[in-house]
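Everything quoted here is computed from the prediction, not taken from an experiment. Counting starts at 1 for both ligands and their atoms, in listed order. In what follows, every heavy atom counts, from backbone to side chain, and hydrogens, waters and symmetry copies are set aside.
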Amino acid sequence: MWLPFHTVCLGSLTVSRRSVAAALLKCSKHRENVSLFSHSAAAQTCKALQFRNHGDPSKVVQLEDVDLPPIGENDVLVKMLAAPINPADINMIQGTYAILPDLPAVGGNEGVAQVVEVGRNVTSLKTGDWVIHKDAGLGTWRTEAVLAEGDVISLPNDIPLLSAATLGVNPCTAFRMLSDFEELKPGDSVIQNAANSGVGQAVIQIAAARGINTINVVRDRPEFTQLSDRLKAIGGTHVIKEEALRRPEMRELFKTCPKPKLALNGVGGQSATELLRHLQFGGSMVTYGGMAKKPVTVPVSALIFKDVKVRGFWVTQWKRDHSSDGRAFKAMLDELCQLIRQGKLTAPACTEVSLQDFNKALDAAMQPFTSAKQVFIM
Ligand SMILES: NC(=O)c1ccc[n+]([C@@H]2O[C@H](COP(=O)([O-])OP(=O)(O)OC[C@H]3O[C@@H](n4cnc5c(N)ncnc54)[C@H](OP(=O)(O)O)[C@@H]3O)[C@@H](O)[C@H]2O)c1
């Protein structure tokens with residue numbers, strides 16, 4: 001639950017506890033990863049990127065002072081450390097996403113924060129812990145927040161800040177899609193479009209760690225060779241242009257690589273149809289995004305003669321379905337953090353920006369062919 005904003009008057013006890021928390025944080029052994037804690041003991045507001053109406057992000061998002069509620073017995077005060085701009089955040093501001101928060105709302109659905117104060121009934125978290133949000137719609141583009149203990153999950157703070165900030169959505173989506181739809185063994189293959197996206201880069205790396213081949217489809221661009229080299233360097237087996245999916249050269253590729261059991265579609269339209277054509281008999285195509293904003297057309301022959309399964313996935317729903325027993329989410333995060341520590345899962349290429357530079361960042365996040373994520377560093 002996101003606590004409602006209202007004007008508060010903090011007692012002197014709270015103020016002194018905050019000062020202690022600030023001092024503790026300065027001593028944190030992971031301080032080098034964290035921008036210096038700057039919460040004023042007397043501050044009752046934080047800075048946040050807020051929108052009061054849906055529309056063009058460059059017109060409706062403003063950097064504002066937002067009141068912080070008092071810290072309840074079951075709450076934690078957190079300082080946001082870093083939070084990315086994802087396509088879903090943009091769609092939420094535009095008013096086109098599946099879930100929309102009440103307005104005014106703070107933008108952003110993922111990010112990493114550090115606990116600076118805990119309510120007296122809080123048992124699972126302590127000052128200095130790193131946490132990420134469990135659910136979407138909570139607003140992460142802000143300097144501080146008061147959150148219920150149950151709304152966050154702790155992360156080890158021995159992983160890079162950018163990995164932590166971008167862990168909760170895209171790598172989790174990639175992990176689930178590679179785990180829950182087809183039984184994939186080393187040597188099997190997966191085909192995916194938007195392979196240079198945050199999800200795509202996580203798919204490549206998690207698949208590579210499991211010995212699974214990836215056939216990575218991207219849109220053509222002048223820097224295709226550099227992009228292809230980059231995706232291969234993180235473990236991509238093949239990188240091909242959208243156009244190649246329709247060409248005879250695919251037959252050459254399948255002489256050395258088995259036909260995929262799984263297709264991951266983040267684009268829709270013609271691109272999805274072409275992925276389907278290359279699936280193995282009985283394989284699955286999982287749609288998780290619709291960047292082309294076009295429907296998925298399934299060829300009749302793929303259904304009749306190949307009996308393909310056409311599925312969808314939404315990580316928010318998965319997290320909600322597993323919220324009563326947090327063990328599955330925790331186990332997945334542990335496995336992903338282990339891959340990060342082993343150097344097998346890195347954050348996507350990121351451009352770090354301050355909250356003040358939000359207009360530039362929002363604009364950059366909406367540009368095609370960038371292969372990089374804008375990440376606010378608070
Ligand atoms: N279902 C879920 O649970 C879930 C979870 C995470 C993300 N998603 C969705 O997955 C998609 C990717 O998210 P992300 O954070 O990984 O994105 P991202 O890192 O911002 O990358 C965006 C990707 O979309 C491609 N793209 C943009 N416009 C396109 C178009 N018109 N046609 C084809 N490709 C286009 C880009 O390719 P270029 O370089 O060619 O522009 C790039 O590969 C989004 O739709 C997002 O909402 C869904």
K.L.:
What atoms of ligand 1 come closer than 4.0 angstrom to any heavy atom of Phe313?
P.N.:
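Near Phe313, the atoms of ligand 1 are 1 (N), 2 (C), 3 (O).
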K.L.:
Do any nitrogen or oxygen atoms of Val267 lie less than 3.5 angstrom from nitrogen or oxygen atoms of ligand 1?
P.N.:
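N/O-N/O distance below 3.5 Å does not exist for this pair.
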K.L.:
Looking only at distances, please establish whether an N/O atom of ligand 1 is found under 3.5 Å from an N/O atom of Lys373.
P.N.:
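N/O-N/O distance below 3.5 Å exists for this pair.
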K.L.:
When you measure from the centre of the six-membered ring of Phe175, is the NZ or CZ of Arg210 closer than 6.0 Å and no more than 45° off the axis?
P.N.:
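That pair qualifies as a cation-pi contact.
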K.L.:
Taking side chain as C-beta onward, heavy atoms only, is Glu64 less than 4.5 Å from Thr45?
P.N.:
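No - every pair of side-chain heavy atoms lies 4.5 Å or more apart.
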K.L.:
Taking the non-hydrogen atoms of Arg221, is any one of them nearer than 4.0 angstrom to ligand 1?
P.N.:
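For ligand 1, residue contact (heavy atoms, under 4.0 Å) with Arg221 is present.
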K.L.:
Among Gln201, Arg176, Met291, which one has a heavy atom closest to atom 27 (C) of ligand 1?
P.N.:
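Result: the heavy atom closest to atom 27 (C) of ligand 1 is in Met291.
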K.L.:
Under 4.0 Å from a heavy atom of Trp314: which atoms of ligand 1 are those, numbered in the order shown and with their elements?
P.N.:
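Ligand 1 atoms under the 4.0 Å threshold to Trp314: 1 (N), 2 (C), 3 (O).
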K.L.:
Can Val218 be said to touch ligand 1, with heavy atoms closer than 4.0 Å?
P.N.:
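So Val218 does not count as touching ligand 1.
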K.L.:
Establish, for the pair Lys306 and Phe281, whether the NZ or CZ atom is under 6.0 angstrom from the six-membered ring centre and no further than 45 degrees off its axis.
P.N.:
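Checked: cation-pi criterion not met.
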K.L.:
Using 4.0 Å as the upper bound for N to carboxylate O, is an ion pair formed by Glu73 and Arg120?
P.N.:
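Yes.
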K.L.:
Number the atoms of ligand 1 from 1 as they appear, then name those within less than 4.0 Å of a heavy atom of Val199, with their elements.
P.N.:
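Once the distances to Val199 are compared, the set is 6 (C), 7 (C), 16 (O).
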K.L.:
Between the candidates Asn196, Asn170, Thr173, which shows the shortest non-hydrogen contact distance to atom 7 (C) of ligand 1?
P.N.:
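Going through Asn196, Asn170, Thr173 one by one, Asn170 has the nearest heavy atom to atom 7 (C) of ligand 1.
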K.L.:
ring-ring contact (aromatic ring centres under 6.0 Å, His included) with Trp314: which residues, sequence neighbours excluded?
P.N.:
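Result, ring-ring contact (aromatic ring centres under 6.0 Å, His included) vs Trp314: none returned.
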K.L.:
State which residue, out of Val375, Leu81, Thr166, fulfils the side-chain contact (heavy atoms from CB on, under 4.5 Å) condition with Leu161.
P.N.:
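Of the listed residues Val375, Leu81, Thr166, the side-chain contact (heavy atoms from CB on, under 4.5 Å) partner of Leu161 is Leu81.
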K.L.:
Which of the atoms of ligand 1 are close to Gly289, meaning less than 4.0 Å from one of its heavy atoms?
P.N.:
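With Gly289 as reference, the close atoms of ligand 1 come out as 45 (O).
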K.L.:
Is it the case that atom CG in Asp321 sees more than 12 heavy atoms from other parts of the structure closer than 6.0 Å?
P.N.:
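For Asp321, atom CG is crowded (more than 12 foreign heavy atoms under 6.0 Å).
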K.L.:
Using distance alone, decide if ligand 1 has a nitrogen or oxygen within less than 3.5 Å of any nitrogen or oxygen in Phe369.
P.N.:
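By distance alone, the answer is yes.
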